[in-house]
Each structure stands twice: as structure tokens, then as C-alpha cells.
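These notes concern the structure reproduced below.
Residue numbers count from 1 along this sequence.
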Amino acid sequence: MKKLDKLILMSFWGPFVITMSVVVFVFLMRIMIFYIDDFVSKDLGITDYAQLFFFFSLITVPTALPLAMLLSSLMAFGNLGEFFELTAIKSAGISVVRAMAPLFIVAVSVSAFSFYFNDRISPWANLKGYSLLYDIKTTKATLKIKEGIFYNDLPGFSIKVDKKEENGKLKGMVIYKHSNRSYEVGNTEIILADSGRMYSINDNRYLVIELYNGTRYTDEVSSGTARPAYISSPIGGGSMPNYSNFSRNSFKHFRLTESLSSFGMKRTDEGQFKYHEFMKNISDLTSTADSLRNSYNETRKNLVAGSQQYYSYNYREGTDKTLKKGPWIDSLLNKPVSDSLKKEILMNTKSAANSMLSYTKSQKDYLQTKLKDATKYELEKHHKYTNALSCLIMFLIGAPLGAIIKKGGFGVPVLVSIIFFILLYVLTNQGDKWVREGMLAVPVGAWMANTVLLLTGLYFIDRARSDSRLFEKDVYLMFVKRIKERWASRFGKSALIQS
């Protein structure tokens, strides 16, 4: 390897590692902030958070690689240009394209790695990460009671506390204990206490509620039927209340023990999430998309045959089963019928038409769903390739731009990189939107962003080869000055002619 190649590679790897780490961290924090409400007040261990951060860090890698490649290549050649090393390289008879050769090989290698990552690691990380996130989101919050507000997350209880003291003592406690039939009979047990405390035992598996100086009210209702407010009086036409066994017990110390099993995080079967396109590799996506397309085509072929059941006429044997004008139809149409029979015919016709309309709508919705799902899987399959190739395309933009701009550091390169990354994001999403709306074919919409940016990169390479001053202010000032001079000379000649 030549010293020139080593110089360029050394100037590239440092910014690449730094920018890759920063970009992954930024995308990871964006995801975490988006789901921060689902993590609050959840009794999760450090292991759960570590696993979640690890899986989502892997998920962000395919998105971060193109941006890191663009920024690091732009910084590498920008630094070479800023410190006149690129000028020395050109003066030695080495072209910009030859100087880009070692990084081009790196970009191809990164694209190959990105493709393998998208096809093998990303589906696994998506499955693990989003299934864990779902389990965290469905986990109930820890038992945190606020003053003056009923707490209803503990199954079977509604608890209110007037005041919470620093030593853990609770003042003015009201507890509604609901039975399994509370929706029928209402609240059957109420406990009032002057004070109390709550704590967990056996590794947070059980909750203990200790109450002091209170009263327990219990309304015992028979388990046969629900208790109505009033029943018919056997004497007269009025009504009388339905009495039940009511008891009131005072206590100085009362203790309740309840299970906290509903608050622990339970892992869901990961097989429930494998249907999503992000959880599949290229082979699975191809198989699923082909299956949906075949189902779509098969359903379309059977539309006419399936609709025959909604018609009341029968085909004659020996015909080609197509309606044709003939004497057998004319004879039916001209046959005299009574008013009652005509009414029955009209009712049957209307019923058949409604059935046919319902059948048509259901089949249309079914076909649209199949086509939409097939398009979704085909788009994801194409994005496995486009995301990988975007790393190479971003290098083809960043390297010549750095040679043209001749600015290193995190100033101008970061700004330019953000602009092109936003352009890549917008074009990708717009292409996907047009594909889902049926305006573009799947390959055209999926590859639209890469095509536009590839042409942009080739243009920048051509400008860098010719030592273009594309981003220098003096060039545009001179251009504006020439336009002003031409206009001034033109208006000056016209004024002389008029005089």
C-alpha cells in the first residue's frame, strides 16, 4: 500500500468512528425520548434497559452508516484541501479520482457489510428490540400513590390517601375493595383508617397494607343474582328495598396482603411479532410477497366465477356460459306476469343487486389489502439493497464535495451532510408514498432516492476533477458583476441611440 493511500485512510477512519458513534447515540436518544413515557414508573432492572439500548443501537446502525460515510469522507477530503495536502497531491500528477480510490474500496466494503447487516442482523435486532419494548409498555407502573387522588392500578382496590409523611406513614386512608361482581352489585367493602403504611415483601411479590384505628364496612350480597335497588312489593303495587347483610367492624390494627404478580414484566412470545416486514430477511420477504401476489391474482381470476351465486338465472347446457341476446331471453322478458309476481321479481332483483354490491365491496377491500401488504414487503426487500448502496453513494457525494469545499472539522461538513441526509430521507419517504398510492412501480419508487443522489455524486466528481470553484463566493460575485456590466452597457447604448 502506498503512503498516499495510508494518509487518506488515516484521515478517514478517525472521523468515521467518531461520527458513527455520535450518529448512533443521537438516533438512540431520539428513540428513547419518543418512548420515555413508557419507561416512567416502571420497576425495571438495569439488565432490561441494557438489553433495550443494545438492540435499538443495532437497529440504528443501517440508518447511521450512510450519514457517517458521507460526513467522514467529506471531512477527510476537506481536511486534505484545507491544509493544502490535496493541492500537493494534484501537483504530483495524481488526480482526485485516484486519491479517492482507497476510500472507494472502503465504501464498497461498508456497503457489503451494510447489506449483510440489513439482511441478517437487523431483522433479529428488530424482533428482539420491539418485542422487549412491547413488554415494557404493557408492564404496569409501580405502586405510587398521590395525595388526594384515587389509585386504581392495583386490581380489586381503589385507594386514596389524604397525606403522605416522610417516614412512609399514610394519613386518612380510604380503601374500596371490589369483588368480582362489583359491576353488578357495586362496592361491597369499604375500609376507613386514620393512618397506615404500605410495603412489599418476598422480593416485591406481595403488597402488605397495614391500617390503624379505622372501620371496615361490609355489605354481603347473595351470590345467586345481582342485587336490584328495589323489588316489587308483595302487598300493593309499590316497591320495597332489597335488604342484605350489612356489618361494621372497628379495629385498631388491620392487615391486608395482596399479590403484585400483575406488576411484573412478562415476556411475550416473539413469534407474535414475526409477521412484520422489519422482522424478515430477504428470503422471507420474497416468499411472503410472492405468496400475497399469488393470492391476489388467484382471487382476481375467481371474481366472475364467485359472483355467479348472486344471480338468479341459470345457464343452458351446451352454451359457452356468456349472456347473449336470443329468443329464450326475449321470451322470458315478454312473458306476462301478475302484479304480485312482478312485485316478487322486483324484490328478488333488489336483494340480488344488494348481495352483489356487498360481494363486490368485500372483494375490493380484500384485494386492496392483499396488494398493499405485498407492496409493503416488496418495498422492504428493495430497501435492503438501497440502504446498503446508499453508503457508497454518500461517499461519492462526500469525497468530491470535500475536495471542492476544502473545509474540515465539524462546521461546514456537518451542515452539508445534514442537508444531503435530509434529501435522502425525504426522497425515500416520498418514493414509498407514491408506491403505496399506486402512482409508481415498486422498483422505481424504492430506487428513486438513490438514483437522484447517484447523479448528484457523479456531477460533483466531475466538478472536482476539473478543480471547480463551485462553492467559492468570489465566483458568484464575479458572475453577478458581469451581469451588471452587460446590463449597464446595453442600457447605455440604448440611451445613446435615443439621444
Side-chain angles (χ1 to χ4, degrees), residues 1-25 61-117 387-421 423-424 450 453-472:
M1 182 181 291
K2 296 183 178 181
K3 292 184 178 181
L4 173 63
D5 298 336
K6 290 182 179 179
L7 172 66
I8 295 175
L9 289 175
M10 288 178 61
S11 63
F12 170 80
W13 283 118
F16 180 79
V17 173
I18 295 174
T19 54
M20 185 68 186
S21 303
V22 171
V23 171
V24 169
F25 177 77
V61 168
T63 307
L65 275 175
L67 181 57
M69 178 61 68
L70 172 64
L71 182 56
S72 55
S73 59
L74 202 154
M75 290 177 61
F77 277 87
N79 286 325
L80 291 176
E82 186 175 8
F83 295 103
F84 302 103
E85 292 172 322
L86 193 59
T87 304
I89 292 173
K90 293 178 181 178
S91 63
I94 301 174
S95 65
V96 175
V97 176
R98 171 60 186 87
M100 291 168 54
L103 289 189
F104 180 81
I105 297 174
V106 172
V108 172
S109 303
V110 172
S111 296
F113 169 77
S114 178
F115 175 75
Y116 173 80
F117 197 98
N387 288 340
L389 191 61
S390 62
C391 297
L392 178 61
I393 293 175
M394 286 301 179
F395 162 75
L396 296 179
I397 294 176
L401 266 181
I404 295 172
I405 296 175
K406 297 182 177 64
K407 292 289 183 181
F410 283 93
V412 177
V414 170
L415 178 61
V416 175
S417 299
I418 291 174
I419 292 174
F420 279 99
F421 184 77
L423 183 62
L424 172 65
N450 280 11
L453 292 177
L454 176 61
L455 296 176
T456 305
L458 295 177
Y459 171 75
F460 285 143
I461 291 176
D462 180 69
R463 295 293 88 195
R465 289 180 60 190
S466 60
D467 247 351
S468 172
R469 301 171 62 191
L470 190 62
F471 295 98
E472 293 186 14

Give me each pair satisfying salt bridge (charged side-chain N to carboxylate O under 4.0 Å, His left out) with a member in residues 97-107, each pair once, sequence neighbours excluded. Asp5-Arg98
To check you understand the geometry: which heavy-atom pair defines the closest contact between [X] and [Y], and what is its length?
X	Y	answer
Ala64	Val23	CB-CG1, 3.3 Å
Phe395	Ser73	CD1-CB, 3.8 Å
Leu67	Ser417	CD1-O, 3.9 Å
Leu454	Ile393	N-CG2, 3.7 Å
Met69	Cys391	CG-O, 3.2 Å
Ser72	Ala68	OG-O, 2.6 Å

Option from Val110, Asn387, Val61, Leu65 for which side-chain contact (heavy atoms from CB on, under 4.5 Å) with Phe117 holds: Val61
Side-chain donor-acceptor pairs under 3.5 Å in residues 101-109, sequence neighbours left out?
{"from": "Ser109", "atom 1": "OG", "to": "Ile105", "atom 2": "O", "distance (Å)": "3.0"}

Tell me, with the steps shown, if Tyr459 and Ile397 meet side chain to side chain contact (heavy atoms under 4.5 Å, CB included). CA-CA 9 Å; Tyr459 171 75; Ile397 294 176; over 6 Å; no
Quick one: do Leu389 and Leu392 satisfy side chain to side chain contact (heavy atoms under 4.5 Å, CB included)? Show the steps, please. CA-CA 5 Å; Leu389 191 61; Leu392 178 61; 4.1 Å; yes
To the closest 0.5 Å, what do you measure between CZ (Phe16) and CH2 (Trp13)? 6.0 Å
Here the gap from Ile89 atom CD1 to Leu7 atom CG, rounded to the nearest 0.5 Å, amounts to 6.0 Å
Are the side chain of Ser111 and the backbone N or O of Ala388 linked by a donor-acceptor pair below 3.5 Å? yes
Between Met100 and Pro400, is any pair of side-chain heavy atoms under 4.5 Å apart? yes
